[in-house]
There are 2 protein chains.
Amino acid sequence: MKHNRVTIHHVAKKAGVAISSVSRVLSNHADVSDDMRIKVEKAVSELGYEPDYLAQSLRKGATQTIGFMIRDITNPLFSIVAQSAEFELRKAGYSIILINSHGDSSVEKENFSLFKRRRIDGIIASLVSEDAAQTKSIINNLGIPIVLLDREIAGLKASAVICNHSIGVKEATSDLIKNGHKRIAFVSGMKDLLITRSRLKGFEDACTEGGIKIDPSYLRLGKFSEDYSYHEILDLFGSKKKPTAIVAGGIGASAGALRALKDLKLKVGKDVAFIAVDEWPMFDLLSSDLSSVYRDPDEIGRESARLILNLITGGPTSQAVVQTHYRKRTSSRRVLNG
Amino acid sequence: MKHNRVTIHHVAKKAGVAISSVSRVLSNHADVSDDMRIKVEKAVSELGYEPDYLAQSLRKGATQTIGFMIRDITNPLFSIVAQSAEFELRKAGYSIILINSHGDSSVEKENFSLFKRRRIDGIIASLVSEDAAQTKSIINNLGIPIVLLDREIAGLKASAVICNHSIGVKEATSDLIKNGHKRIAFVSGMKDLLITRSRLKGFEDACTEGGIKIDPSYLRLGKFSEDYSYHEILDLFGSKKKPTAIVAGGIGASAGALRALKDLKLKVGKDVAFIAVDEWPMFDLLSSDLSSVYRDPDEIGRESARLILNLITGGPTSQAVVQTHYRKRTSSRRVLNG
DNA sequence: CCTCTGGCTGGAAACGATTCCTAATTCTAA
DNA sequence: TTAGAATTAGGAATCGTTTCCAGCCAGAGG
């Protein structure tokens, strides 16, 4: 089985030249005579030779591979990001190794070490948390260029794709207020993440401008999971001061909230207003015509690819900002008892 | 920058032993004295040494990497398959390289060659087509173990995960017939794919048993795309003999069909019955309570991982069958003019 | 006391490329 | 004609491991 792999050795022998000459021809080195080029190319095509990545990588110290680590590949937003990043990176000759961290920071840690051992050239990651001091030191000691998705960590040598969440959420919340909503709930992930803080800022700004005082019990900022959101919404509607509108930050939050409303037999857009932050496949086929805060996942993927390539070729760390905007549909209207 | 990578060389020097001894300790070779083991382990932990995958791979001829090639990673079903396969393979020490073929068989061809150059240990693939003779010869010449998802190619040395589509579709179609439907349309992908033939068989069997003659114009078997399905449904409902029920084979087919019905202002479950083959995230939040044919994507991922590991360790090619079953909900009921 | 066995160890050859260095050849110019 | 420069080719080192092979030393058996 070993003898069926054709190496540069075989090519050299067949062409009757030295190994180094074959290598020079294939890497378009300047000092190659026409005669040599022809001989080698003939041998290459006759043998169907293709250089081995492994050996090249070992020698050159670059694997042409990018590690893509996310918390959950089944999240439709991330899968689009992964697809478009892969598309861009492949054009530049890179492959991607996909790793799930399952939202577990110890798995995340292992993954970084795996990346290092595999001599990954660069990393694109959506980290579990921003405050883990350990994560910070791991990344800094890794010596591998990294692009963070929607995370901002002080003192970290990393590029980042940051979405401007506050703008879209502000527009959306303002629209709710304009439609007469005063009791607006906001469900999303942990407050220590930039993404949550940014959304919260948009929410607060809109309330301030609209002259609405935020009741802290309407802020449910705990986890991105469906489960969390589901139970928080049930809890809110079990209380005396039921909200008339909900802003759900993230796909999980939206799914959990919509399920809760369904179980409560409350009709979205009629009994309660709703804004989904982020959309998912077949969004338009849902039972209600949801207003949303949109960002383009393709753009996130493209930008992250651009940033990591930039870093790999020695460029400085930088940030790319992806805008969000409000897509007004019918679920944000005034409701019966609003 | 080169000097900060700690190699087996440094460990050997620090421990005052030969490189080969370090390697023996780390690979749990039998011929190692306790004294040696202790010295080496001390040096390893003090230096924080981790063996380099590249060099190991080059020497051993195995990269501990699986290539995962699918037509579209944003397909929610595939992304779950990818996730569960990754989970299983990681437990066995493998990483996965994810590649999109974008449903393009020339890209697919390139990808195979990339896998070979990267010395991938095994491939899990959802191929674009089954009949391309070229693909067959490429795979056979590749010399890399491969597991096919839902494809059956004669004369190919490959394992496969096959879903038993016909059973679920038959159950579903029988239910439609029992509910009085006679004009049932079936939209799905190309007829030359096993997956389509298998679904069609279930459909035909149910019709035969139910005493219904199939009108060929109700069979729309062209592509898996949303677009195709959308236009075929519009076409069907523009004709004289409108169907009273639709079976949509695949997520794309379902999406396209549901959009067409929405545009036609036909209510699913009321004006027309509908069966979705395969579910997607937040299926339960759709505007209608869709009956479906279900298969477990997690199981597909697990099985494909199991089969490829089996092949890599020298086992024979084999098949795993994943069952489908009918999930009866309300969209399959009798309808107004049915 | 000598040989044989067997456990351990170190040295060196792979694995398949790239690249530096040196040498041979050709060409130009004095 | 010959020195010196410019091309071009080959040889060898290198990347970081694993693994084969040979040798050393200690203990056992005669």
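Every chain is numbered from 1 and lettered A, B, ... according to where its sequence line falls, protein lines coming before strand lines. Heavy-atom basis, side chains included; hydrogens, waters and symmetry copies ignored.
Residue Glu110(A) qualifies as enclosed at atom CD: its count of foreign heavy atoms under 6.0 Å is above 12.
The shortest side-chain heavy-atom distance between Ile124(A) and Met69(A) does not fall under the 4.5 Å cut-off. Taking the side chain as every heavy atom from C-beta outward, Phe112(B) and Ile139(B) approach each other to under 4.5 Å.
Using a 4.0 Å cut-off, some side-chain N or O of Tyr49(A) falls inside it from OP1 or OP2 of dA17(C). Within the 4.0 Å cut-off from OP1 or OP2 of dT7(D), not a single side-chain nitrogen or oxygen of Ser33(A) is found. Phosphate contact (OP1/OP2 of dT18(D), side-chain N/O of Gln56(B), threshold under 4.0 Å): present.
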task = I would like to know whether Arg295(B) and Asp150(B) meet salt bridge (Lys or Arg N to Asp or Glu O under 4.0 Å); could you show each step before the answer?
result = CA-CA 12 Å; Arg295(B) 51 177 164 160; Asp150(B) 247 328; 2.9 Å; yes

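Lys13(A) places its NZ atom 17 Å from the C1' atom of dG10(D), with the value rounded to the nearest Å. The NZ-P distance, from Lys39(A) to dT8(D), rounds to 13 Å in whole Å. Rounding to whole angstrom units, CD of residue Glu50(A) and P of dG16(C) are separated by 15 Å. The interatomic distance linking Ile38(B) (CD1) with dC8(C) (P) rounds to 13 Å, in whole Å. We find that CG of Leu54(A) is positioned 14 Å from P of dC15(C), with the value rounded to whole Å. Nucleotide dT18(C) holds its P atom 7 Å from the CG atom of Leu26(A), rounded to whole Å. One atom, CG of Asp34(A), and another, P of dT7(D), lie 14 Å apart when rounded to the nearest Å. Between the CZ atom of Arg118(A) and the P atom of dT17(D) there is a distance of 15 Å, given to the nearest Å.
In terms of position on DNA chain C, the residue among Val17(B) and Leu58(B) whose nearest nucleotide sits closer to the 5' end is Val17(B). Between Ala55(B) and Ala30(B), the residue whose closest nucleotide on DNA chain C is further toward the 5' end is Ala30(B).
With rounding to the nearest 0.5 Å, the separation of CG in Leu156(B) from CG in Leu148(B) is 6.0 Å.
Side-chain atoms of Ser106(B) and Asp104(B) form a donor-acceptor pair, as typed in the model, at a separation below 3.5 Å. No side-chain N or O of Ser113(B) forms a donor-acceptor pair with one of Arg117(B) less than 3.5 Å apart.
At a threshold of 4.0 angstrom between heavy atoms, the contacts of Arg119(B) are confined to the sugar-phosphate backbone, with no base atom among them. Contact annotation for Asp52(A): backbone-only contact, meaning every heavy-atom pair under 4.0 Å involves sugar-phosphate atoms and none involves a base.
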note = Once base and sugar-phosphate atoms are separated, protein heavy atoms under 4.0 Å mark nucleotides 19-26 of chain D, 5' to 3', with B, S and - as B-------

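Checked against dG16(D), dG16(C), dT17(D), the side chain of Arg5(B) finds its nearest nucleotide in dG16(D).
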